[in-house]
There are 2 protein chains.
Amino acid sequence: MASTTRRRSAQVGRPTTAEAGILAATRRLLVNGASFTEMGVQEICAEAGVARSTFYSHFRDKIDLILRLTTDLTGSAFETTTAWEPADGLDRLAETFENVLRIYRDQAPLRRAITEVATYDVSVREVWANELKQFTDRTIEMIRTEQKAGRAPATIDAVAVTRVVVVGGEQAIVDQATAGDPADDAVFARELAETWWYGVFRRPPG
Amino acid sequence: MASTTRRRSAQVGRPTTAEAGILAATRRLLVNGASFTEMGVQEICAEAGVARSTFYSHFRDKIDLILRLTTDLTGSAFETTTAWEPADGLDRLAETFENVLRIYRDQAPLRRAITEVATYDVSVREVWANELKQFTDRTIEMIRTEQKAGRAPATIDAVAVTRVVVVGGEQAIVDQATAGDPADDAVFARELAETWWYGVFRRPPG
DNA sequence: CTACGTCCGGACATCGCGTCCGGAAATAAG
DNA sequence: CTTATTTCCGGACGCGATGTCCGGACGTAG
């Protein structure tokens, strides 16, 4: 419980508070390739130079920790992608994916951890699905607009194709960011952009 | 150690051996929506009506169990997809995806469990990646063939676009199979097929 | 009957989790 | 300086799950 009469310690604090230390240590361990599921609280605390009991006075459990970490990557990638719209054209779409890929490379370990936990924990899965939802909604809207303007075939099922685009695209980007060579990022981004462009937004009329 | 003088029991055996019982029980629990990571050995044995010690005389640990389960879905989906080739055209591709979706719906719980464990266990991840590899290799080959025949643009980077197609496509199918309405399967399959067809195999020349 | 293989049931050590508490250290208020 | 308050340490505790081990029951094949 925070005091009402005192300001919280470490106001501009050099002596990094334990909570921030734990967050940073976890990120560090993830960057080093550790699996979040398999790393213990003990291990995290050792890396943070903090007592194990201190961990539990800041986080309810490991799920709470990963959820707190999730907050850090709100926006960024989503903002980048949602800035693009069909009128910007194919080249700008490829550029957008290249930027997203850059962001994903930075955040890769953390994103990996989140999807990792999301596969078996409901609360994390829900948080993550919600992050994707805003993106899904926007894509559906964009496709419908293109259809009304006659630039995309009216026969496209916007909802179904959005599943292909968002779910599939996200996974492909994650895969490239984790397993692919950074030198190939530009080529990959271009291919992803062209596939979507000619396969969806400018698909030839049936 | 198996006897050399006696044949192994249960040769055609009705009295279902404990091992098969455990395998079946695990599958049953997965179908009921349980998370493999979160279900204990105790739980599995209770469902199988088997002593916990018996589990360990058949499986080294839970990873061994999931690996043994993986064997069950060799082929099937892969065989179905690799049967298709570009000469068969768009309609047949849509049909193929519909079939794959049917298979995935049957195997969904097991596949979910495997990808679940694959996110944090190396051995499972390797086995799974190897399953996908044969599919990846074939796709790259198909695209190159189309390029040589002048039916697909020579500018396509076969390796990069295959990542988009295989990794992204697999995930989209899994998502539709787990979260999508079965009634929408045909529409989804059609959209996936058209996206690939016009976005990759028959992408307009740059 | 005997040898063998399979399974049960329970004991055991071990480990990680989450809780709890007394006390040290640092810091701000009086 | 003294005191109150916050933060953290360090360790104890109970709990549940893991993986190992063993004695013995049971059925079956020689």
Side-chain angles (χ1 to χ4, degrees), chain A residues 1-26 29 34-69 113 116-117 120-124, chain B residues 1-26 29 34-68 113 116-117 120-121 123-124:
Chain A
M1 189 65 65
S3 164
T4 51
T5 59
R6 310 267 191 101
R7 47 189 178 178
R8 302 209 57 172
S9 77
Q11 62 277 32
V12 198
R14 253 63 38 98
T16 319
T17 171
E19 182 164 327
I22 293 171
L23 261 354
T26 308
L29 288 172
S35 148
F36 184 78
T37 304
E38 287 177 339
M39 77 171 76
V41 174
Q42 183 69 265
E43 206 177 333
I44 296 171
C45 293
E47 172 70 25
V50 148
R52 206 170 64 87
S53 62
T54 302
F55 176 93
Y56 288 101
S57 65
H58 288 278
F59 306 92
R60 275 206 323 107
D61 49 30
K62 252 171 57 182
I63 299 295
D64 190 24
L65 171 61
I66 192 77
L67 247 21
R68 203 87 61 97
L69 245 8
E116 179 184 319
V117 180
Y120 59 82
D121 182 274
V122 200
S123 58
V124 174
Chain B
M1 188 65 65
S3 165
T4 50
T5 58
R6 310 270 189 100
R7 47 188 176 176
R8 302 208 56 173
S9 76
Q11 63 274 34
V12 198
R14 250 67 35 99
T16 317
T17 169
E19 182 164 326
I22 292 171
L23 260 355
T26 309
L29 288 173
S35 148
F36 184 77
T37 305
E38 287 178 338
M39 76 171 76
V41 174
Q42 182 70 266
E43 207 175 332
I44 296 171
C45 294
E47 173 70 25
V50 146
R52 208 171 62 86
S53 62
T54 303
F55 177 94
Y56 288 103
S57 65
H58 288 279
F59 306 92
R60 273 206 324 107
D61 49 30
K62 254 171 56 184
I63 299 295
D64 190 23
L65 172 61
I66 192 77
L67 247 21
R68 203 88 59 97
E116 179 185 319
V117 180
Y120 60 83
D121 182 276
S123 57
V124 174

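All values reported here derive from a predicted model rather than from experimental measurement. In the text below, chain A, chain B and the rest are named by the order of the sequence lines, each starting its count at 1.
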Gap between atoms [atom1] and [atom2], on [X] and [N] respectively (whole Å):
X: Gln42(A); N: dC17(C); atom1: CD; atom2: C1'; answer: 11 Å
X: Phe55(A); N: dG11(D); atom1: CZ; atom2: C1'; answer: 18 Å
X: Glu19(B); N: dC7(C); atom1: CD; atom2: P; answer: 9 Å
X: Arg60(B); N: dT18(D); atom1: CZ; atom2: P; answer: 15 Å
X: Ile63(B); N: dT18(D); atom1: CD1; atom2: P; answer: 12 Å
X: Glu38(A); N: dC15(C); atom1: CD; atom2: P; answer: 17 Å
X: Ile22(B); N: dT6(C); atom1: CD1; atom2: P; answer: 13 Å
X: Asp61(B); N: dC15(C); atom1: CG; atom2: P; answer: 17 Å

Only one of Leu65(A), Thr17(A), Ile44(A) forms a side-chain contact (heavy atoms from CB on, under 4.5 Å) with Leu23(A), so which one is it?
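Only one of Leu65(A), Thr17(A), Ile44(A) forms a side-chain contact (heavy atoms from CB on, under 4.5 Å) with Leu23(A), namely Leu65(A).
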Closest to side chain of Lys62(A), choosing from dC21(D), dC17(C), dG10(D)
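Nearest listed nucleotide: dC17(C).
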Which nucleotide, dC17(C), dC9(D), dG10(C), lies nearest any side-chain atom of Ala51(A)?
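Nucleotide nearest to Ala51(A)'s side chain: dC9(D).
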Start at the 5' end of DNA chain C and walk down; is the nucleotide closest to Arg52(B) or to Gly49(B) reached first?
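Nearest nucleotide further toward 5': that of Gly49(B).
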Has [X] got a side-chain N or O lying under 4.0 Å from the OP1 or OP2 atom of [N]?
X: Tyr56(A); N: dG18(C); value: yes
X: His58(B); N: dC7(C); value: yes
X: Thr17(B); N: dC7(C); value: yes
X: Thr54(B); N: dC8(C); value: yes

Under the side chain to side chain contact (heavy atoms under 4.5 Å, CB included) criterion, do Phe59(B) and Val41(B) qualify, and how do the steps go?
CA-CA 11 Å; Phe59(B) 306 92; Val41(B) 174; over 6 Å; no
Counting only N and O atoms by type, is there a donor-acceptor contact under 3.5 Å from the side chain of Glu116(A) to the main-chain atoms of Ser35(A)?
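Flag not set: sc Glu116(A) to bb Ser35(A) has no pair under 3.5 Å.
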Between CD of Glu19(A) and CZ of Arg68(A), what distance do you get to the nearest 0.5 Å?
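These two atoms lie 5.0 Å from each other.
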Given side chain to side chain contact (heavy atoms under 4.5 Å, CB included), test Thr26(A) with Phe36(A) step by step and report yes or no.
CA-CA 9 Å; Thr26(A) 308; Phe36(A) 184 78; 4.1 Å; yes
